[in-house]
S.K.: 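Below you will find the structure I want to go over with you.
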Amino acid sequence: MKSKKATFSASYRIRKDKVKEGSAPLVLRIVVNEKKSEIAIKRKIPVDKWSESKKLIGSGPDVQSFNRYLD
């Protein structure tokens, strides 16, 4: 009998379907063995400042602090 290799991944995503006044909630998506679950982290971010690399774009202290929070 073959055993399946377990998989795990975690990433941050914005909820584009919940955009209000240019901001959207950020969620943590966790995938274990192809089963997805999302956890709201109770933060809203400007949609235009979210990059494809899953970080906020900018160099201000608030942006740097938020990116450290995500790390």
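Since the structure is predicted, the reported quantities are computational estimates derived from the model, not experimental observations.
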S.K.: Measure the NZ-NZ distance between Lys44 and Lys20 for me, rounded to the nearest 0.5 Å.
M.R.: 6.0 Å

S.K.: For Leu28 versus Ala10, what's the shortest heavy-atom pair and its separation?
M.R.: CD1-CB, 4.2 Å

S.K.: Taking Asn67 for its side chain and Leu56 for its backbone only, find out whether a donor-acceptor pair lies under 3.5 Å.
M.R.: yes

S.K.: For Arg15 and Asp17, work out which heavy atoms get closest and say how close.
M.R.: NH2-OD2, 2.8 Å

S.K.: Stepwise, does the side-chain contact (heavy atoms from CB on, under 4.5 Å) test hold for Trp50 with Leu26?
M.R.: CA-CA 10 Å; Trp50 186 247; Leu26 191 65; 3.7 Å; yes

S.K.: Any heavy-atom pair between the side chains of Ile14 and Val19 that's under 4.5 Å?
M.R.: no

S.K.: Under 4.5 Å between any side-chain heavy atoms of Ile45 and Phe66, yes or no?
M.R.: yes

S.K.: Which residue pairs pass the salt bridge (charged side-chain N to carboxylate O under 4.0 Å, His left out) test when at least one of the two sits in residues 54-71, sequence neighbours left out?
M.R.: Lys55-Asp71

S.K.: Where is the tightest heavy-atom contact between Lys36 and Val31, given as atom of each residue plus distance?
M.R.: CG-CG2, 3.8 Å

S.K.: State, yes or no, whether a side-chain contact exists between Val27 and Ile41 at a heavy-atom distance under 4.5 Å.
M.R.: no

S.K.: If I compare all heavy atoms of Ser59 with all of Gln64, which pair ends up nearest, and what's the gap?
M.R.: O-NE2, 3.3 Å

S.K.: Tell me, please, whether Tyr69 has Arg43 positioned over its six-membered ring: NZ or CZ under 6.0 Å from the ring centre and within 45 degrees of its axis?
M.R.: yes

S.K.: Can you find a pair of side-chain heavy atoms, one from Ile39 and one from Ile30, that are under 4.5 Å apart?
M.R.: yes

S.K.: Do you know which two heavy atoms are closest between Ile57 and Ser51, and how far apart they sit?
M.R.: CG1-CB, 3.6 Å

